[in-house]
Every structure is written in C-alpha cells, then in structure tokens.
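See structure below.
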Amino acid sequence: MTNDNKVLEVSNLHMSYDGQAIIEGLTFSMAQRDILIVLGPNGAGKTTLLRGLLNLLPYQGSVIWHARKIGYLPPQESLQRQGLPPLQLAEFFHFKTHDTGSIKAMLSDVGLDDSFLSRQFNELSTGQFQRMMIAWSLLDNPDVLILDEPTSGIDIGGEETIYSLLHKFWQKQNLTMLLVTHDLHVVWEYATQVLCLNRQQMCMGKPDEVLTLEQLKQLYGTGIKFYQHRHG
Amino acid sequence: MVGQIFLALILAGIIGAVGGYLGSLMLTKRMALMGGALGHLTLPGVALALLYDFDVSLGAVLFLAFGVAMIWFLERKTQLHLEALTAVVFSGSLAVAFLFLPEEETDIALLGDISRITPATVFSTAAISLGLFWMIKSIYEDLILAGISPDLAQTAGADLKRNNTLYLICIAITVALGVRIVGGLMTAALLAIPACTAKNLSTSLGQYALISTLAGCLACLAGILVYAASDIPPGPAIIIASVILFLVSVFKPFALSFH
C-alpha cells in the first residue's frame with residue numbers, strides 16, 4: 001500500500017468516556033476502494049470508533065482523512081422516525097439537493113420507484129427505510145461511506161439485499177467503505193480488510209490472513225464456531 | 001381607539017405568525033412547554049417595565065437573558081437536569097415578580113396588554129420579526145435533520161452548536177415579543193397550539209410550517225378583534241381563538257383540500 005492511495009490514517013487513537021477508556025491505542029489505515037469491516041463483540045467500542053473518526057466525539061491521537069466527501073449512515077435504531085412533523089421523502093432528499101433527476105435515479109438504484117417521493121418518512125418498512133437511507137447517503141456522491149450495522153432489525157433476506165446493494169455501489173462508484181457488523185458471513189463475502197476490536201486492536205489485515213479460529217475465540221470468547229466461506 | 005386596534009392587529013398578527021413558525025420547530029424538538037417556562041422568566045422584567053414605565057418586551061428580554069444565564073450557571077455547578085433547573089428558576093421568577101408587581105398592573109403582566117402600542121413599537125416589532133423569520137428559516141432544515149439524528153445532521157455539514165444557540169435566541173426574543181400581547185402566563189400557547197393545529201392538517205413539511213404560521217397569525221387577529229368588540233383581555237381571547245382553530249383541525253371539515 002502506498003501513501004498515495006491511503007484514504008484514512010489512524011495512529012495511536014485513544015478514546016474515553018467519563019474517565020473510562022473505550023478505545024486504546026488503535027493504529028491502522030484504509031486504502032482507496034477498501035471495504036474495511038470493524039468486527040467485535042458488544043461494548044467493544046465499534047460505534048465509538050466510527051463516531052471518533054467522524055469527529056463526532058473527542059479523541060487523543062491522530063486521524064487523517066484524505067477524502068473529498070464522507071457519507072455516514074448511523075445505526076437505524078438511533079434514527080428518530082416517529083414524533084416528527086409530516087415529512088415527505090422528497091422533502092427529506094431536498095435537504096441535500098433539489099435535483100429531482102438525480103434523486104429519482106438514486107432511488108431507482110436502490111429499488112424504490114418515484115412514488116416513494118410522496119411517501120411519509122415514517123411510513124416505510126425497515127428494509128425500505130434502510131435502502132432509502134443508503135440512497136440519501138450516496139446522493140452527494142461521497143468517496144467514503146461509513147455504515148454502522150446497516151442491517152440491524154432487518155430479516156435475513158433483506159440483509160442480503162442491503163449488502164448486495166452496497167457491493168453494487170462499491171463496484172460502480174469509486175467508493176471506499178468502512179462498516180461495522182456482527183456478521184462473519186459478511187466479512188468473508190465482502191471485506192477486503194478486517195479490524196478486530198475489543199477496546200484494543202486485536203487484528204488488522206485481510207480476512208483470510210488474520211481471521212483464524214484462535215483470533216475469533218480471543219475476540220468473542222469461547223463457544224464460537226468457525227465456518228470459513230470460500231470464494232469460488 | 002380604531003387606530004389603536006389597527007396597530008394591535010398588525011403587531012399581534014406579526015407576533016402570532018413568528019410564534020407559529022418557531023413553534024413548528026419547538027413541537028418537533030418536543031420543547032413546546034419551554035416557551036411557558038421562559039414566559040414565566042420574563043415576569044420580573046415585565047413588572048419592572050410596568051413600574052418604571054419602559055417597554056415590557058425590553059424588560060422581558062433582560063430577565064430572560066438573566067434567567068437563562070442562571071440556568072446555565074446552575075447546570076454547570078450541579079448535576080441537575082435542565083428541566084429541573086428551569087422549574088426552580090421560573091418559579092422563583094414568578095414569586096419575585098409578585099413581590100414588586102403593582103397590584104393594578106397584575107392583569108397586564110399576566111394576561112397581556114395592547115393599549116400602550118405605538119407606531120414605533122409596531123415598526124420595531126416588524127423589523128425584529130423579519131430578522132426572526134430569516135433566522136428561523138436558516139436553521140429550519142438543519143434542526144429537522146438533527147431531530148432525526150444529530151450525527152446525521154453533523155456529518156451532512158450542519159453546525160449544531162451554532163444552530164442551537166440561534167434557536168434559543170429566537171425562542172427568547174419571540175417569547176419577549178409575545179409577552180406583550182398574551183402576558184407572561186400564556187406564551188407557551190402562542191408557540192405550541194398553532195403547531196399542533198398544523199400537524200393535524202398537513203401532509204408535508206412545507207404545509208406544516210405554512211399552516212402553523214398562518215394559524216398563529218389568524219388566532220392573534222381573531223383574538224384582537226374579540227378584544228375590540230368585548231371586555232375580554234387580549235391574551236385569553238387570542239389563546240381561545242387558537243384553541244378553537246385547533247379543535248377545528250381535529251375534526252378536519254376541510255381536510256380534503258390539503259390531502
């Protein structure tokens with residue numbers, strides 16, 4: 001990896017909350033077109049890490065982005081969908097752009113037709129909502145997309161749709177992705193790099209090089225079973 | 001008298017419209033009752049203004065600034081929630097106001113008064129309100145987005161600290177203007193009811209903001225007309241008019257025209 005194609009350089013990153021260390025001494029980098037998946041148990045600091053990288057939380061250490069535009073999709077359960085004023089999807093998209101042509105094209109890319117523009121923000125199913133949010137995140141053409149558990153609350157079929165959709169965008173656009181998931185299957189299927197996190201950096205590298213059974217046991221504790229997915 | 005009513009109609013219509021527009025954001029952020037607490041905070045200032053014969057909105061805004069600074073200071077010194085501290089400070093303000101509020105002026109402070117309006121008051125209120133409309137419009141979309149997710153809003157480029165500060169300034173100034181026409185006890189209604197009415201009638205954000213603005217303006221105009229034709233003080237007349245508009249929206253006899 002050369003410095004020229006690095007999108008993100010993190011060095012000696014520390015984050016804490018109320019005096020308690022959440023992230024301790026992370027050092028890693030991400031190259032253009034990487035799909036970096038952050039893997040770790042609950043409470044490992046995955047969401048905190050993403051929020052630190054986005055400058056939404058304070059940190060010590062160094063975070064350097066070489067990106068033009070970063071898109072972010074927070075976990076779905078942190079998005080307020082009820083108790084809002086009436087909000088049509090067209091209006092929600094207009095927060096980003098008034099170019100109706102590109103809005104319709106992006107919606108079509110995520111499998112939603114024009115009729116959704118007049119639908120209410122709180123009317124969509126969980127799967128439709130997440131596809132709509134992916135369209136919204138990609139509307140201003142970011143070169144990096146950060147996603148925090150993009151399929152939480154979505155059933156298995158819907159989950160597959162979301163990941164294949166994201167993979168399609170990754171192939172089509174010059175996109176670099178950083179995402180958090182619990183799903184090992186997704187790591188084997190899509191990740192080019194994996195970062196194992198449990199407050200500290202447990203591993204970093206290509207999944208088939210660093211994700212050993214021993215590593216996973218260390219990360220998640222005993223009781224984990226190992227079904228490595230082989231690409232055809 | 002007719003000239004005075006005409007001035008009152010212009011003044012109340014403008015304040016009602018700003019209150020309705022801002023209220024549509026306060027309902028979104030579930031802060032509608034904050035207007036009430038801030039209204040109580042203004043009362044010592046209103047009392048002083050009545051005692052020493054200067055503008056009630058000026059007295060109101062001075063005490064609002066003092067009260068908000070007190071809440072900010074106490075929040076830093078204690079572990080108490082903002083709501084609890086607001087309750088302490090606004091109850092204290094109410095009690096202090098009654099210590100030196102002239103008895104014959106109590107109704108004016110609590111229920112509003114439009115008998116002292118001058119063309120200069122109307123002109124300055126109109127100018128301030130224009131500024132408020134512009135400021136509210138400039139933060140409106142960002143605050144709606146922050147209501148969905150503060151992280152989403154910030155990563156989309158919104159400056160939340162700046163927006164929240166502007167938002168609180170808008171609330172404080174609107175409450176200070178509203179105290180003149182509805183008194184210190186009912187400012188929450190000036191902000192909250194038009195937004196509730198609008199939510200019942202609208203299917204889009206644009207409609208919602210517009211209907212809330214119009215409902216606030218209409219209630220104030222109707223209240224002033226009722227005041228002119230009867231002995232009912234302007235504050236209660238305006239709020240009752242606003243409640244009637246809300247009840248109409250609940251039963252939606254003309255809802256089809258909006259859907």
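Per chain, numbering begins at 1; letters A, B, ... match sequence-line order.
- Between A/Leu84 and B/Ile144 there is no side-chain heavy-atom pair separated by less than 4.5 Å.
- The main-chain N or O of A/Leu56 is never found under 3.5 Å from a side-chain atom of B/Gln154 such that the two would form a donor-acceptor pair.
- Counting all heavy atoms, side chain and backbone alike, B/Ser204 lies closest to A/Gln88 at CB-CD, 3.8 Å.
- Closest of all the heavy-atom pairs between A/His94 and B/Glu141 is O-OE1, 4.4 Å.
- The shortest distance between side-chain heavy atoms of B/Tyr208 and A/Leu87 does not fall below 4.5 Å.
- For the atom pair A/Leu73 CG and B/Thr155 OG1, the distance stands at 9.5 Å (nearest 0.5 Å).
- Distance alone, capped at 3.5 Å, is enough to place a donor-acceptor pair between the A/Glu91 side chain and the B/Leu205 backbone.
- Heavy atoms of A/Arg81 lying under 4.5 Å from chain B are absent altogether.
- Between A/Ser78 and B/Ser149 the shortest heavy-atom distance is O-CB, 4.4 Å.
- Residues B/Leu145 and A/Phe92 meet the side-chain proximity criterion, which asks for heavy atoms closer than 4.5 Å.
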Apply side-chain contact (heavy atoms from CB on, under 4.5 Å) to the pair A/Trp136 and B/Leu152, showing each step before the final yes or no. CA-CA 11 Å; A/Trp136 195 84; B/Leu152 201 63; 3.8 Å; yes
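- Closest approach of A/Pro86 to B/Lys199, counting heavy atoms only: CD-CG, 4.4 Å.
- Within 6.0 Å of the NZ atom in B/Lys137, the count of heavy atoms belonging to other residues, nucleotides or ligands does not exceed 12.
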